[in-house]
There are 2 protein chains.
Amino acid sequence: MKKIDILKKLRSSGLRPTKQRVEIAKFLFEREKTFHFTVESLNKLLSKKSGSKIALATIYNTVHAFKTAGHLSEVEVRGNKTYFDTNVSNHHHFYDSETSELIDIDANDIIIQKLPKVPNGKKIKNVEVFINLKN
Amino acid sequence: MKKIDILKKLRSSGLRPTKQRVEIAKFLFEREKTFHFTVESLNKLLSKKSGSKIALATIYNTVHAFKTAGHLSEVEVRGNKTYFDTNVSNHHHFYDSETSELIDIDANDIIIQKLPKVPNGKKIKNVEVFINLKN
DNA sequence: ATCTAGTTTATAATTATTCTAAAGTGAAAA
DNA sequence: TTTTCACTTTAGAATAATTATAAACTAGAT
Ligand SMILES: [Mn+2]
Ligand SMILES: [Mn+2]
Ligand SMILES: [Zn+2]
Ligand SMILES: [Zn+2]
């Protein structure tokens with residue numbers, strides 16, 4: 001991902017490209033594979049990578065702005081902390097509770113044959129499949 | 001559900017049948033349909049029903065003992081608070097984000113035709129399907 | 001270069017949950 | 001029965017994730 005794309009992500013999130021935000025954005029989006037993280041893990045990885053300690057509030061704010069803009073999604077995982085996901089397409093997850101690790105499943109790799117009838121007056125927004133793993 | 005069953009639920013959870021625990025257990029298990037709740041909502045409903053204010057710590061402790069004993073399950077829902085479920089069989093959920101309401105889906109009402117290959121050395125513990133609703 | 005709206009940050013506040021320790025109680029034993 | 005004591009309840013403190021605050025800073029327009 002080019003610097004120009006990073007700047008685009010920031011601008012489209014209503015964020016001016018400050019040093020901190022660019023560092024967070026590059027860390028999140030300059031990668032090949034999906035990245036699943038919590039604010040805590042992101043903070044640790046950022047500190048380790050560049051020594052520069054970005055305030056937690058800035059990380060929360062930036063991550064939330066990206067989420068609101070649709071550049072990050074949120075994944076529900078058992079536990080207290082919120083997980084974020086750089087994969088914003090419609091997809092599913094394996095969850096390995098041994099390692100607390102999320103693994104992407106492409107939407108096309110799961111086919112649901114039978115669905116229940118939807119409650120009156122409601123429509124399906126989306127379907128999420130969560131596969132818990134054990135050893 | 002008979003009083004004897006309530007006592008059974010308590011004993012099998014390693015809990016002596018005190019006044020508070022019996023009140024909580026009756027409220028949770030003496031009903032026909034599944035009951036989905038948070039500790040906060042349960043607390044409010046219990047207070048409203050009987051005026052007797054059971055300490056929050058007691059509600060947390062009792063609910064957790066039931067969960068550990070397998071008499072309650074936990075459901076992952078977007079948001080900060082933990083949801084519990086009196087339906088401990090394998091099943092799925094609709095989630096109506098307008099009303100923050102969970103609705104049970106029987107396991108047999110969803111058939112998954114194609115599943116992805118599981119990561120090496122891992123097995124599937126269970127599959128949870130979550131259907132988000134909109135109006 | 002100056003100015004200002006937007007930003008960062010340390011710190012406080014909030015919220016859900018868990019812990020603690022003192023006072024209370026169920027039920028087994030005497 | 002009364003005694004006894006391990007188990008309970010409870011109020012309040014502690015913890016942990018997240019959000020709010022407000023003072024010091026800065027990007028970028030002028
Ligand atoms: Mn969660
Ligand atoms: Mn949740
Ligand atoms: Zn993902
Ligand atoms: Zn349910």
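From a predicted model like this one, the values you see are computed outputs, not experimental measurements. Letters A, B, ... are given to chains in the order of the sequence lines, protein chains preceding strands, and every chain is numbered from 1.
The distance between atom CG of B:Asn61 and atom C1' of C:dT18, rounded to the nearest whole Å, is 9 Å. Here C:dT7 presents its P atom at 13 Å from CZ of A:Arg11, a figure rounded to the nearest Å. At whole-Å resolution of the value, CZ in A:Arg16 and P in D:dA29 are 9 Å apart. What separates CG of B:Leu46 from P of D:dT9 is a distance of 13 Å, to the nearest Å. A straight line from CG of B:Leu56 to P of C:dT18 spans 11 Å, rounded to a whole angstrom. Counting to the nearest Å, the P atom of D:dA17 and the CZ atom of A:Phe37 are 16 Å from each other. Taking atom CG of residue A:Asn43 and atom P of nucleotide D:dT19, one finds them 15 Å apart after rounding to whole Å. Atom CG of B:Asn80 is separated from atom P of C:dT17 by 8 Å (rounded to the nearest Å).
Side-chain proximity of A:Pro17 to the nucleotides D:dG28, D:dA17, C:dT17 is greatest for D:dG28. Listed nucleotides D:dT18, C:dA16, D:dA11 differ in distance to B:Ala55; the shortest reach to its side chain belongs to D:dA11. Listed candidates were D:dT18, C:dT9, C:dA16. Nearest to the side chain of A:Ile54 is C:dT9. Nearest nucleotide to the side chain of B:Ala57, out of C:dC19, D:dT19, C:dA16: C:dC19. Side-chain proximity of A:Thr18 to C:dT17, D:dT19, D:dA27: nearest is D:dA27. Relative to the side chain of B:Arg21, the nucleotides D:dA27, D:dT18, D:dT9 differ in distance, and D:dT9 lies closest.
A donor-acceptor pair under 3.5 Å is absent between the side-chain atoms of B:Ser41 and the main chain of B:Phe37, judged by distance alone.
Where A:Glu40 and B:Leu15 each meet DNA chain D at their nearest nucleotide, the meeting point lying more 5' is that of B:Leu15. If A:Lys19 and B:Phe84 are placed on DNA chain C by their nearest nucleotide, the residue sitting closer to the 5' end is A:Lys19.
Side-chain N/O atoms of B:His71 and B:Thr86 include no donor and acceptor closer than 3.5 Å. A donor and an acceptor atom, one from each side chain of B:Asp104 and B:His36, are located under 3.5 Å apart.
Between C:dT25 and B:Gln20, no contact under 4.0 Å exists linking OP1 or OP2 to a side-chain N or O. At C:dT17, one or more side-chain N or O atoms of B:Tyr60 fall inside 4.0 Å of OP1 or OP2 (strictly under the cut-off). For B:His64, a side-chain nitrogen or oxygen approaches OP1 or OP2 of C:dT18 to under 4.0 Å. OP1 or OP2 of D:dT18 sits under 4.0 Å from a side-chain N or O of A:Thr82.
Note on B:Lys125 versus A:Glu98: no salt bridge recorded, every NZ/NE/NH1/NH2 to OD/OE distance being 4.0 Å or above.
A cation-pi arrangement is found for A:Lys9 relative to A:Phe29, the charged atom lying closer than 6.0 Å to the ring centre and inside a 45° cone about the ring normal.
If you check every strand for non-hydrogen atoms under 4.0 Å, A:Thr58 touches a base.
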